[in-house]
Asks: 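One structure, as structure tokens, below. Some questions next.
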Amino acid sequence: MVRMTPREQAERWERLHLAPWAAHSRDSSGRVSSEAPCPVRTCYQRDVDRITHSKAFRRLANKTQVFFNPEGDHYRTRLTHVLEVSRIARTAARALHLNEDLVEAIAMGHDLGHAPFGHAGERTLNELAPGGFSHNEQGRRVVEVLESAGKGLNLSWEVRDGIAHHTGPIRPATLEGELVHISDRIAYVNHDMDDAIRAGLLREQDLPLELQRTLGSTSRERINTLVTDLIFHSLRTGRILMSRSVLRALLSLRRFMFARVYNHPAARGGEGKVAEMLGALYAHYRLHPDELPPDLRCMIGQAGLERVVIDYIAGMTDRFAEERARLAGDSPL
């Protein structure tokens with residue numbers, strides 16, 4: 001009697017228990033470089049491990065979510081944001097009988113391309129980089145090229161697609177990717193509001209009454225409403241959707257956050273200094289490419305100096321960017 005490996009057992013479980021429209025790991029479109037399958041893990045389980053053991057993932061712990069250098073230990077970072085997105089998306093995936101491992105891989109990898117200092121850093125790099133800069137495309141570049149000293153992580157196609165299209169005009173190709181896309185929004189509008197309340201920019205009662213009636217008066221109530229509505233409406237329609245009223249409330253909450261928090265001086269007050277510092281770093285490394293790490297210097301011939309300098313700066317944590325700027329004598333902070 002031939003016994004199945006743990007991976008084969010997991011793939012069989014998927015065929016028996018996941019929805020027909022879920023992304024079954026056995027049917028993955030594969031990797032850029034073919035590899036022998038792992039005897040224990042499915043391809044998506046393997047991708048989760050590769051992402052969480054990567055250097056880019058560890059650096060998320062010291063990258064800004066919204067507030068620069070906040071005083072207090074309970075403000076979100078990029079890493080805690082990623083973990084919250086993962087939990088929301090996996091809860092919904094389990095209820096919808098989608099592939100939780102693929103959802104987790106996309107969620108854990110979706111912000112690997114974020115620059116230091118949050119969206120202020122991204123806006124600055126978008127102005128500096130030839131052809132522009134977006135964190136989702138940079139995330140795909142991280143996992144395909146930059147990690148593992150230029151070898152990339154060789155992730156499954158579905159994971160790379162989900163990372164590249166978790167935001168922007170092109171939708172992910174899988175329902176699991178769609179689920180991470182909307183879970184990202186559910187997570188950040190709620191935890192960013194929680195941080196804004198902690199920072200004294202908002203009070204719970206500042207949320208318009210109409211939104212409180214639809215979504216709830218606390219972060220816990222709002223997340224529960226949004227996720228529950230997403231699950232039940234998706235079950236009814238066979239697509240990743242919310243009801244019209246709850247989706248409208250989510251979009252209104254997002255607009256409220258832009259008006260009251262994301263554009264508030266407390267959240268954007270250091271943006272000019274960030275732009276000055278990253279701009280100075282960009283100019284410095286273009287003049288001194290010998291100071292780039294060896295694994296990036298060897299990419300200059302193929303990618304070009306400007307692209308490699310952007311890669312280096314985008315990968316920095318807030319703290320490391322400040323340190324590099326001070327050593328180069330370019331820091332405005």
Asks: Is Asp290 paired with Arg297 through a side-chain N to carboxylate O contact shorter than 4.0 Å?
Replies: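 No, no charged N to carboxylate O under 4.0 Å.
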Asks: Please identify each residue that fulfils side chain to side chain donor-acceptor pair (under 3.5 Å) with Tyr285, with sequence neighbours left out.
Replies: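 So Tyr285 forms no side chain to side chain donor-acceptor pair (under 3.5 Å) with any residue.
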Asks: Can the ring centroids of His81 and His191 be said to lie less than 6.0 angstrom from one another?
Replies: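 Yes, ring centres under 6.0 Å apart.
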Asks: Using a 4.5 Å cut-off between side-chain heavy atoms of Ile, Leu, Val, Met, Phe, Trp and Tyr, which other residues end up in the same hydrophobic cluster as Leu18?
Replies: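 Once heavy-atom contacts under 4.5 Å are chained together, Leu18 belongs with Trp13.
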Asks: Please work out which of the three classes, parallel, tilted or perpendicular, describes the rings of Phe258 and Tyr262, given edges at 30° and 60°.
Replies: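 Judged by the thresholds at 30° and 60°, the geometry between Tyr262 and Phe258 is perpendicular.
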Asks: Run through His166, His135, His181 and flag the one making a ring pair (Phe, Tyr, Trp, His ring centres under 6.0 Å) with His110.
Replies: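 Exactly one candidate clears the test, His166.
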Asks: Among Ser156, Ser28, Ser25, which residue meets the side-chain hydrogen bond (donor to acceptor under 3.5 Å, both in side chains) test with Asp47?
Replies: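 Per the side-chain hydrogen bond (donor to acceptor under 3.5 Å, both in side chains) rule, the option paired with Asp47 is Ser156, out of Ser156, Ser28, Ser25.
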Asks: Look at Arg50 together with Glu35 and state whether they make a salt bridge at an N to O cut-off of under 4.0 Å.
Replies: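 Yes, charged N to carboxylate O under 4.0 Å.
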Asks: For Glu8 and Thr5, indicate whether the former's side chain and the latter's backbone hold a donor-acceptor pair under 3.5 Å.
Replies: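 Here the side-chain-to-backbone pair exists.
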Asks: Just wondering, are more than 12 heavy atoms of other shown residues or ligands nearer than 6.0 Å to CD in Glu210?
Replies: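 Result for CD/Glu210: open.
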Asks: Go through it in stages, so that I can follow the logic: the residues are Gln138 and His114, the test is side chain to side chain donor-acceptor pair (under 3.5 Å), and I'd like the CA-CA distance, side-chain angles, deciding distance and then a yes or no.
Replies: CA-CA 7 Å; Gln138 184 68 13; His114 252 295; over 6 Å; no
Asks: Output yes when Arg123 and Glu271 qualify as a salt bridge under the 4.0 Å nitrogen-oxygen rule, no when they do not.
Replies: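 Salt bridge flag = yes for Glu271 with Arg123.
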Asks: Can you name the residues that form a salt bridge (charged side-chain N to carboxylate O under 4.0 Å, His left out) with Arg260, not counting sequence neighbours?
Replies: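 By the salt bridge (charged side-chain N to carboxylate O under 4.0 Å, His left out) rule, Arg260 matches Asp206.
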Asks: Salt bridge check: are Arg76 and Asp192 linked by an N-O gap of less than 4.0 Å?
Replies: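 Here Arg76 does not pair with Asp192 in a salt bridge, since their nearest N and O are not under 4.0 Å apart.
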